[in-house]
Amino acid sequence: MNELNAVKAITKLRITKILFDAFAIVWFRRADFMRALWAPFLLMLALGGAWNFSETSLSSGFKWVYAAAYYFLFVLFVVNCHRTVLLNSQDKKEWTVPKWSWRETKFLGWSAFIWVIAVAFGMAVSMIALTMIANSMPSFFSPENLKPSVWTFIGQYFLRFIYIYIFARLCLMFPSIAVDKILSLRQAIELSRANGWRLAIIVSMIPLAIKIITDVVYRDDASAWETMLWLTITSVVLTVEVAALSLSYRTLVKHADAD
């Protein structure tokens with residue numbers, strides 16, 4: 001891939017097409033995804049079942065160990081999903097066990113760093129914006145018109161919108177790391193130019209749908225089998241989400257290289 005320091009990705013992502021193609025590629029190449037993702041998927045499933053059986057008896061320290069182990073498996077899952085889409089390894093018929101490498105370490109480090117950037121920037125922008133609004137319309141934000149709980153609600157959701165947007169502008173680094181073509185922060189921003197909100201929709205629509213369905217369908221006292229079934233469904237949906245990001249990255253990089 002050519003250097004992207006001065007490239008502007010002026011192509012507009014077609015959200016519906018990206019999401020449709022993501023579902024299609026996961027379905028039609030399901031055997032490739034199964035061969036690449038079976039090991040982290042089964043380990044995540046086992047951890048989920050073990051957590052359900054022993055959650056009440058676990059110490060707080062062990063819960064942190066569980067969360068860390070689950071996230072490491074999550075990174076393995078996502079990296080290999082990106083590689084399955086972008087490297088187009090349809091000729092590989094063997095079932096492989098993915099190993100942790102420097103690639104996954106970089107992915108883990110950058111994901112944490114981008115999360116910190118997005119949250120910090122989102123908090124700063126939220127505080128500045130709400131302060132300006134409160135100073136310009138003090139009567140609207142008076143205790144008689146707006147309760148503290150409403151303040152909290154507005155602040156939380158405004159923060160989430162900013163966070164999702166910043167995350168979307170930088171998330172193109174993830175598929176690039178997965179295929180060993182690491183973008184810088186500046187290159188990721190340039191590559192996502194004019195597509196910030198489109199990428200935000202692509203990376204947030206499916207997780208938001210999962211959350212809504214979980215709140216409606218999933219029970220707090222679900223059995224271990226129900227938990228593992230739900231983890232299976234969410235893993236399949238996560239595969240589609242990662243595939244959508246991979247296809248967005250491929251589309252923008254192809255256009256940038258053409259430029």
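Index from 1, following the sequence.
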S.K.: Same cluster for L108 and I177 if Ile/Leu/Val/Met/Phe/Trp/Tyr side chains link at under 4.5 Å?
M.R.: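 Shared cluster, yes.
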S.K.: In Å and rounded to the nearest 0.5 Å, what is the CE to NZ distance from M173 to K181?
M.R.: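 Between atom CE of M173 and atom NZ of K181 there are 15.5 Å.
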S.K.: Any side-chain heavy atom of L238 sitting closer than 4.5 Å to one from T234?
M.R.: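 Not touching, per the 4.5 Å side-chain cut-off.
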S.K.: Do V116 and F74 share a hydrophobic cluster, counting only Ile, Leu, Val, Met, Phe, Trp and Tyr and linking them when any side-chain heavy atoms are less than 4.5 Å apart?
M.R.: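 Shared cluster, yes.
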S.K.: Heavy atoms, side chains only, cut-off 4.5 Å: are L199 and F167 in contact?
M.R.: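 A side-chain contact is absent here, since even the closest heavy-atom pair is not under 4.5 Å.
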S.K.: Run through H82, R83, E241 and flag the one making a side-chain hydrogen bond (donor to acceptor under 3.5 Å, both in side chains) with S246.
M.R.: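 Single side-chain hydrogen bond (donor to acceptor under 3.5 Å, both in side chains) partner of S246 among H82, R83, E241: H82.
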S.K.: Is the count of non-hydrogen atoms from other residues, nucleotides or ligands lying under 6.0 Å from W115 atom CH2 greater than 12?
M.R.: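 No, the 6.0 Å shell around CH2 holds no more than 12 heavy atoms from other groups.
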S.K.: What heavy-atom pair brings L183 and S176 nearest, and what distance separates the two atoms?
M.R.: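 Shortest heavy-atom contact: N-OG, 3.3 Å.
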S.K.: Classify the ring geometry of W110 against F113: parallel below 30°, tilted from 30° to 60°, perpendicular beyond 60°.
M.R.: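 Plane angle over 60°, so perpendicular.
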S.K.: Please report the shortest heavy-atom distance between P98 and L76, naming the atom on each side.
M.R.: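 So the two residues come closest at CB-CD2, 4.2 Å.
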S.K.: Find the distance between CE (M44) and OG1 (T232) and round it off to the nearest 0.5 Å.
M.R.: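 Here the rounded value is 10.0 Å.
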S.K.: Y70: which residues meet the side-chain hydrogen bond (donor to acceptor under 3.5 Å, both in side chains) condition with it, sequence neighbours left out?
M.R.: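 Applying side-chain hydrogen bond (donor to acceptor under 3.5 Å, both in side chains) to Y70 gives none.
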S.K.: Got a second to check how far L37's CG is from L42's CG, nearest 0.5 Å?
M.R.: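 Spacing of CG (L37) from CG (L42) equals 10.5 Å.
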S.K.: Please name the pair of heavy atoms, one in V79 and one in R103, separated by the smallest distance, quoted to 0.1 Å.
M.R.: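 Closest pair (atom of V79, atom of R103, distance): CG1-CD, 3.8 Å.
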S.K.: Using only atom types and a distance under 3.5 Å, with no angle test, would you say the side chain of E190 pairs donor to acceptor with the backbone of Q187?
M.R.: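 Answer holds: no.
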S.K.: Examine distances only and state if a side-chain atom of R198 and a backbone atom of S192 form a donor-acceptor pair shorter than 3.5 Å.
M.R.: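 Checked: no pair found.
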S.K.: In terms of hydrophobic clustering (I, L, V, M, F, W, Y; side-chain heavy atoms under 4.5 Å; direct or indirect links), are V75 and L43 co-clustered?
M.R.: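 Yes, V75 connects to L43 through the hydrophobic network.
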S.K.: Do any side-chain atoms of residues 15-27 form donor-acceptor pairs under 3.5 angstrom with protein atoms, and if so which ones, sequence neighbours left out?
M.R.:
residue : atom : partner : partner atom : Å
K17     : NZ   : D21     : OD2          : 2.7

S.K.: Apply side chain to side chain contact (heavy atoms under 4.5 Å, CB included) to W102 and D180, showing your working.
M.R.: CA-CA 10 Å; W102 181 239; D180 302 317; over 6 Å; no
S.K.: Checking F107 against F174 for the ring pair (Phe, Tyr, Trp, His ring centres under 6.0 Å) test, could you report, in this order, the C-alpha distance in whole Å, the side-chain angles of both residues, the deciding distance, and whether it holds?
M.R.: CA-CA 7 Å; F107 192 99; F174 297 139; 5.1 Å; yes
S.K.: When you look at Y71 and S111, which way does the side-chain hydrogen bond (donor to acceptor under 3.5 Å, both in side chains) test go after all the steps?
M.R.: CA-CA 11 Å; Y71 191 69; S111 62; 3.1 Å; yes
S.K.: When you look at R193 and R169, which way does the side chain to side chain contact (heavy atoms under 4.5 Å, CB included) test go after all the steps?
M.R.: CA-CA 8 Å; R193 181 168 303 198; R169 291 298 303 269; 4.2 Å; yes
S.K.: Could you tell me the separation between the CG atom of L247 and the NZ atom of K254, rounded to the nearest 0.5 Å?
M.R.: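 So the CG of L247 and the NZ of K254 are separated by 10.0 Å.
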S.K.: Using every non-hydrogen atom in the two residues, find where I202 and S248 come nearest and quote the distance to one decimal.
M.R.: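 Reported closest heavy-atom pair: CD1-OG, 3.5 Å.
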S.K.: State, to 0.1 Å, how close L13 and N195 come at their nearest heavy-atom pair, and which atoms those are.
M.R.: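 Heavy-atom minimum between the residues: N-OD1, 2.8 Å.
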S.K.: Treat each ILVMFWY residue as a node, draw an edge where side-chain heavy atoms are under 4.5 Å apart, and state whether V236 and F77 are in one component.
M.R.: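 Different clusters: V236 never reaches F77 through Ile, Leu, Val, Met, Phe, Trp or Tyr contacts under 4.5 Å.
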S.K.: Can I189 and L172 be said to form a side chain to side chain contact (heavy atoms under 4.5 Å, CB included), step by step?
M.R.: CA-CA 9 Å; I189 293 172; L172 295 176; over 6 Å; no
S.K.: What is the distance from atom CH2 of W230 to atom OG of S235, rounded to the nearest 0.5 Å?
M.R.: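 Result: 11.0 Å between the selected atoms.
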S.K.: What are the two closest heavy atoms between R250 and L86, and how far apart are they?
M.R.: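 In terms of heavy atoms, the two residues are closest at CB-CD2, 3.9 Å.
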S.K.: Please identify which of these residues, T239, L245, V240, meets the side chain to side chain contact (heavy atoms under 4.5 Å, CB included) condition with C81.
M.R.: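 With C81 as partner, T239, L245, V240 yield a single side chain to side chain contact (heavy atoms under 4.5 Å, CB included), made by T239.
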S.K.: Distance from W197 atom CH2 to Y165 atom OH, nearest 0.5 Å?
M.R.: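 That separation rounds to 7.0 Å.
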S.K.: Is the number of heavy atoms from other residues, nucleotides or ligands under 6.0 Å of R14 CZ greater than 12?
M.R.: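 It does not: R14 CZ has 12 such atoms or fewer within range.
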